[in-house]
Structures are given as structure tokens and as C-alpha cells.
*Asks:* 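Sharing a structure here in C-alpha cells format.
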Amino acid sequence: MTSPKTTAASSGTWTLGDRTVHRIGFGAMRLTQYGEAFAADAEPRDREQAISVLRRALDLGVNHIDTAAFYFSRLRSANELISRALAPYPEDLVITTKVGPGRDVSGRWLPHATPEQLRGQVEENLRQLGRDHLDVVNLRIVGTDSLAERFGALAELRAAGLIRHLGLSNVRPQHLADAQAIAPVVCVQNMYGIGASPEQKEFLDVCGEQGVAFVPFYSIAGTGRTAGATTDHSREVHAIARTYGVSTAQIRLAWTLHQGTHVLPIPGTGDLDHLAQNIAVGTLSLSQEDLAVLDSLHHEAA
């Protein structure tokens, strides 16, 4: 499972807008600190370690990285680490960022950006990443409020050439329908993994029917969310992991990857060994019997 020859290409590909990406990507949220993301007392991650992880991710075939300007710790910024490690960027690398939320210099969360403020957030990402355009920008939503004005503002920036493709994060089916009426949506980024609600599974399937990538976050973390990988595994998950000689985290990620060819997980880590394990999941083909067991656990936990 962790052969040096194993790369993200083993997970298959998906066309994200007009760009082809390997289905297993990399999420940068945990790259800037040790311990829980966004914690006020989080210890900044060693700079060279973070840079090594990013470069190794590309060596292992990752060509889809998810980031945000609000991913930072006291001394580290995910965007600036990405720029330092990877620029000049390979032509096949797709960097997806998200706007809407924001944090002040002390790390406190700010009210979500207004339509007028979104341009400033886009420009901040451009500056930090050292780009003249952003490959994909996700508008992150909180609650059920209308997104029309905010998504419309991003559509204008897309028309101006600052953004190549648009996506959504933390949304519901109606948000997708509303956004699609304004501009094309190439991806939906929502929490998903074993135990996700039936409504999220229905939404995942709707995205597949529409040719929209579904990008799950917390596939490994589960209920651990920003704290990291969950340790709450049933004996069935442990048994399946032993059968394949892998970790329970790899089983959770493999199950998510099996939910559709349009599903593009973005597991994040600051650890080289965990990175290799995440990438290796692309070679893991779960049996129908094991998938049925995991499906039953998923429905019980939902």
C-alpha cells in the first residue's frame, strides 16, 4: 500500500472545469500548525517540514490542492507556504481556494464577506499565492441565506479573468441550483464521510448527475473535524483494516473514494508518512462485501 511507485494517479481522474485532476488531492488546512486547526494556542508547524510535505505531495502525483487565505497560524500561512514550496507552479497543478470567511491578524473570525468585500479576498489569495488568476474559487456559505449577490460578485470576477472556475462550499442543493442560474459551478465542497446524513448522500448523487465534482472534507477526521482524525472506529472497521493491512483512516478514506467517480477527497496532513498513506488509498479496491458492511455502519451513524 505504501510502495514508492504508488501515486495519486492510481485514484483515477476527473475533469474539474477544463482541468484534469487526480481524484485524491491535498487539503492545506492542517499544514500551518500542529494540533487542532484554528486553535488560538496552536504551535506553528516547522516551516521546512510543511514545505517538504507539499513538495512530496506533487512528487506523489497530487495535482489538486485546496487552500484558503484564512488557513494560517501564528507564524505560518498556507498560501504562502504553497507559493514558497511550489512556485513556479507546474502547468497541471490546480489550486482551489475559498472565500467568504475571514480572520483578523489575531486569528479571530470576522463576519463573512459582503459582495463588495469578496474582491479583496480574491486579491489577497492572488497576492499570497503569487498568481495572476485563481484556478477555482469556492464561495463558502454559513446557514441557509441566499448566495445570489455574493456568487454574482464572484461571477463578475470570473468574467474579468481573475478566476477561472467557480465552486461552492458548505452548501445545500438549493444553493447549487441558485448558483448554477448565475454561472457554471464545477465543484461542491461539503463535509462527507462515514456517518454523513442521508441528505448529504442525496446531494452527492445530485452533483454526480449534473457532472459537478463533489469534494468531501473531514472524510478521515469525521467527528474530530478540525482536531484531526477520529479514533471512534467500530470493531468492523478495525477488522476490515486488518484484512487489507492498512489503517482505519485509510479505510474511511477508501470508502469515501468509492462513493462516485466525481468524488475528489482532499485529505490534509503535515506528516510525510500520513501523506503517503493517504495517496496509497487510490490503490485500495474494497470488496462488495466490505463496502456493504461500511455502508451499514454509515447508515447506522447517520
*Asks:* At their closest point, which heavy atom of A8 faces which heavy atom of I279, and how far apart are they?
*Replies:*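 Answer, listing the atom of A8 first, then I279: N-CG2, 3.4 Å.
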
*Asks:* So, do E80 and L129 sit near enough that their side-chain heavy atoms are less than 4.5 Å apart?
*Replies:*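 With C-beta onward as the side chain, the pair stays apart.
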
*Asks:* Please say yes or no: joined through hydrophobic side-chain contacts below 4.5 Å, possibly via intermediate residues, are L86 and F72 part of one cluster?
*Replies:*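 Each belongs to a different hydrophobic cluster.
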
*Asks:* Under 4.5 Å between side-chain heavy atoms, hopping through other hydrophobics if needed: is there a path connecting W109 to F217?
*Replies:* yes

*Asks:* Find the distance between OG1 (T97) and CD (E124) and round it off to the nearest 0.5 Å.
*Replies:* 9.0 Å

*Asks:* Search all heavy atoms of L60 against all heavy atoms of T6 and return the closest pair with its distance.
*Replies:* CD2-O, 3.7 Å

*Asks:* Out of curiosity, does L75 fall in the hydrophobic cluster containing L54 (side-chain heavy atoms, cut-off under 4.5 Å, transitive links)?
*Replies:* no

*Asks:* If you group Ile, Leu, Val, Met, Phe, Trp and Tyr by side-chain heavy-atom gaps below 4.5 Å, do I24 and L272 land in one group?
*Replies:* yes

*Asks:* Could you go through residues 147-158 and list every donor-acceptor pair under 3.5 Å that involves a side-chain atom there, pairing it with any protein atom two or more places apart or in another chain?
*Replies:*
| unit_1 | atom_1 | unit_2 | atom_2 | d |
| --- | --- | --- | --- | --- |
| R150 | NH2 | S146 | O | 2.8 |

*Asks:* Under the criterion side chain to side chain contact (heavy atoms under 4.5 Å, CB included), I'd like the reasoning laid out for V186 against V136: C-alpha separation, chi angles, the key distance, then a yes or no.
*Replies:* CA-CA 8 Å; V186 301; V136 182; 4.1 Å; yes

*Asks:* For the residue pair I82 and T67, establish whether any side-chain heavy-atom pair is separated by less than 4.5 Å.
*Replies:*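 Yes, at least one pair of side-chain atoms sits under 4.5 Å.
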
*Asks:* Given 3.5 Å as the limit, does a donor-acceptor pair link the side chain of Q259 with the main chain of W255, or not?
*Replies:*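 Yes, because the side chain of Q259 sits within donor-acceptor range (under 3.5 Å) of the backbone of W255.
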
*Asks:* Would you compute the distance between atom CG of L264 and atom CZ of F214 and round it to the nearest 0.5 angstrom?
*Replies:* 10.5 Å

*Asks:* Just verifying a value: how many Å separate R84 CZ and R47 CZ, rounded to the nearest 0.5 Å?
*Replies:*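 One finds 6.0 Å between CZ of R84 and CZ of R47.
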
*Asks:* Test the R23-W14 pair against the cation-pi criterion, namely NZ or CZ under 6.0 angstrom from the six-membered ring centroid and within 45° of the ring axis.
*Replies:* no

*Asks:* Answer yes or no: is there a donor N or O on one side and an acceptor on the other, between the side chain of T15 and the main chain of G17, under 3.5 Å?
*Replies:*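 Absent.
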
*Asks:* Side chains of N170 and N190: is there a donor and an acceptor less than 3.5 Å apart?
*Replies:* no

*Asks:* Is the terminal nitrogen or CZ of R45 (NZ for Lys, CZ for Arg) located under 6.0 angstrom from the six-membered ring centre of Y34 and within 45° of that ring's axis?
*Replies:*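 Checked: cation-pi criterion met.
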
*Asks:* Say whether, by atom type as modelled, one donor and one acceptor occur between the side chain of H175 and the main chain of V171 under 3.5 angstrom.
*Replies:* no

*Asks:* Test side chain to side chain donor-acceptor pair (under 3.5 Å) on D273 and Q277 and set out the steps.
*Replies:* CA-CA 6 Å; D273 289 337; Q277 291 170 15; over 6 Å; no

*Asks:* On a heavy-atom basis, which atom in H262 and which in C207 lie closest, and how many Å separate them?
*Replies:*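 H262 and C207 have their closest heavy atoms at CD2-C, 4.0 Å.
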
*Asks:* How close do P216 and I266 get, counting heavy atoms only, and between which atoms?
*Replies:*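 Result for this residue pair: O-CG1, 3.6 Å.
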
*Asks:* Supply the atom-to-atom distance T248 OG1 to E236 CD, rounded to the nearest 0.5 angstrom.
*Replies:*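 Rounded to the nearest 0.5 Å, the OG1-CD separation comes to 13.0 Å.
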
*Asks:* Do E202 and D205 come within less than 4.5 Å of each other through their side chains, counting heavy atoms only?
*Replies:* no

*Asks:* Counting C-beta onward and ignoring hydrogens, is there a side-chain heavy-atom pair between H133 and I163 closer than 4.5 Å?
*Replies:*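 In short, these two side chains do not touch, never coming nearer than 4.5 Å.
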
*Asks:* Report the C-alpha distance between R164 and D18 in whole Å, list the side-chain angles of each, state the deciding distance to 0.1 Å, and finish with yes or no for salt bridge (charged side-chain N to carboxylate O under 4.0 Å, His left out).
*Replies:* CA-CA 9 Å; R164 190 165 188 152; D18 62 348; 2.9 Å; yes

*Asks:* Do R103 and F38 form a cation-pi contact, if we require the NZ or CZ to be under 6.0 Å from the six-membered ring centre and within 45 degrees of the ring's axis?
*Replies:*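 That pair does not qualify as a cation-pi contact.
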
*Asks:* Any side-chain donor-acceptor pair under 3.5 Å between Q121 and N125?
*Replies:*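 Q121 vs N125: no donor-acceptor pair found between side chains.
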
*Asks:* Locate the shortest heavy-atom distance separating L81 from A50; write the atom from each residue and the value.
*Replies:* CD1-CB, 3.9 Å

*Asks:* Between Q189 and D66, do the side chains contain an N or O donor and an N or O acceptor separated by less than 3.5 Å?
*Replies:*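 Note: Q189 and D66 side chains meet the donor-acceptor criterion.
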
*Asks:* Tell me, do L275 and R56 make a side-chain contact under 4.5 Å, heavy atoms counted?
*Replies:* yes

*Asks:* Holding to side-chain hydrogen bond (donor to acceptor under 3.5 Å, both in side chains), I want the full list of residues that pass it with Y71, two or more places apart in sequence or in another chain.
*Replies:* K98

*Asks:* Under a 3.5 Å distance rule, please check whether T13 uses its side chain to pair with a backbone N or O of A9 as donor and acceptor.
*Replies:* no

*Asks:* Distance from H165 atom NE2 to N138 atom CG, nearest 0.5 Å?
*Replies:*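 CG of N138 is found 12.0 Å from NE2 of H165.
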
*Asks:* Could you walk me through whether V53 and L31 pass the side chain to side chain contact (heavy atoms under 4.5 Å, CB included) check?
*Replies:* CA-CA 9 Å; V53 167; L31 197 62; 4.2 Å; yes

*Asks:* Run the numbers on L110 and F70 for side chain to side chain contact (heavy atoms under 4.5 Å, CB included), then give the verdict.
*Replies:* CA-CA 10 Å; L110 300 169; F70 55 85; over 6 Å; no

*Asks:* Evaluate the side-chain proximity of I220 to N278: yes if any heavy-atom separation is below 4.5 Å, no if none is.
*Replies:* yes

*Asks:* Treating Ile, Leu, Val, Met, Phe, Trp and Tyr as nodes and any side-chain heavy-atom pair under 4.5 angstrom as an edge, say whether V142 and F203 lie in one connected cluster.
*Replies:* no

*Asks:* Between the side chain of T20 and the main-chain N/O of L16, is any donor-acceptor distance below 3.5 Å?
*Replies:*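 No, because the side chain of T20 does not come within donor-acceptor range (under 3.5 Å) of the backbone of L16.
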
*Asks:* Measure the shortest side-chain to side-chain distance between H112 and Q117 over non-hydrogen atoms and say whether it is less than 4.5 angstrom.
*Replies:*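 Side chain of H112 against side chain of Q117, heavy atoms only: no contact under 4.5 Å found.
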
*Asks:* Any donor-acceptor pair under 3.5 Å linking the side-chain atoms of D104 with those of S106?
*Replies:*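 Short answer, yes.
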
*Asks:* What I'd like to find out is whether the side chain of V263 reaches to under 4.5 Å of the side chain of P265, using heavy atoms alone.
*Replies:* yes

*Asks:* Run S11 and V281 through side chain to side chain contact (heavy atoms under 4.5 Å, CB included) and show every step you take.
*Replies:* CA-CA 8 Å; S11 64; V281 167; over 6 Å; no

*Asks:* Have T96 and H64 got a donor and an acceptor in their side chains that come within less than 3.5 Å?
*Replies:*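 Yes - a donor-acceptor pair under 3.5 Å links their side chains.
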
*Asks:* Quick one: side-chain hydrogen bond (donor to acceptor under 3.5 Å, both in side chains) partners of R119, sequence neighbours excluded?
*Replies:* E123

*Asks:* Do you know which two heavy atoms are closest between G167 and V185, and how far apart they sit?
*Replies:*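 That would be CA-CG1, 4.1 Å.
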
*Asks:* Kindly say whether A177 contributes a backbone atom to a donor-acceptor pair with the side chain of Q180 at under 3.5 angstrom?
*Replies:* no

*Asks:* Would you say Q49 and S52 are linked by a side-chain donor-acceptor pair, where the criterion is simply a distance under 3.5 Å?
*Replies:* no

*Asks:* I'd like to know whether D59 forms a salt bridge (charged side-chain N to carboxylate O under 4.0 Å, His left out) with R55, so could you lay out the CA-CA distance, the side-chain angles of the two residues, the decisive distance to 0.1 Å, and finally the verdict.
*Replies:* CA-CA 6 Å; D59 289 342; R55 290 176 175 167; over 6 Å; no

*Asks:* Rounded to the nearest 0.5 Å, what's the gap from CG on L284 to CD1 on I240? Could you check?
*Replies:* 10.0 Å

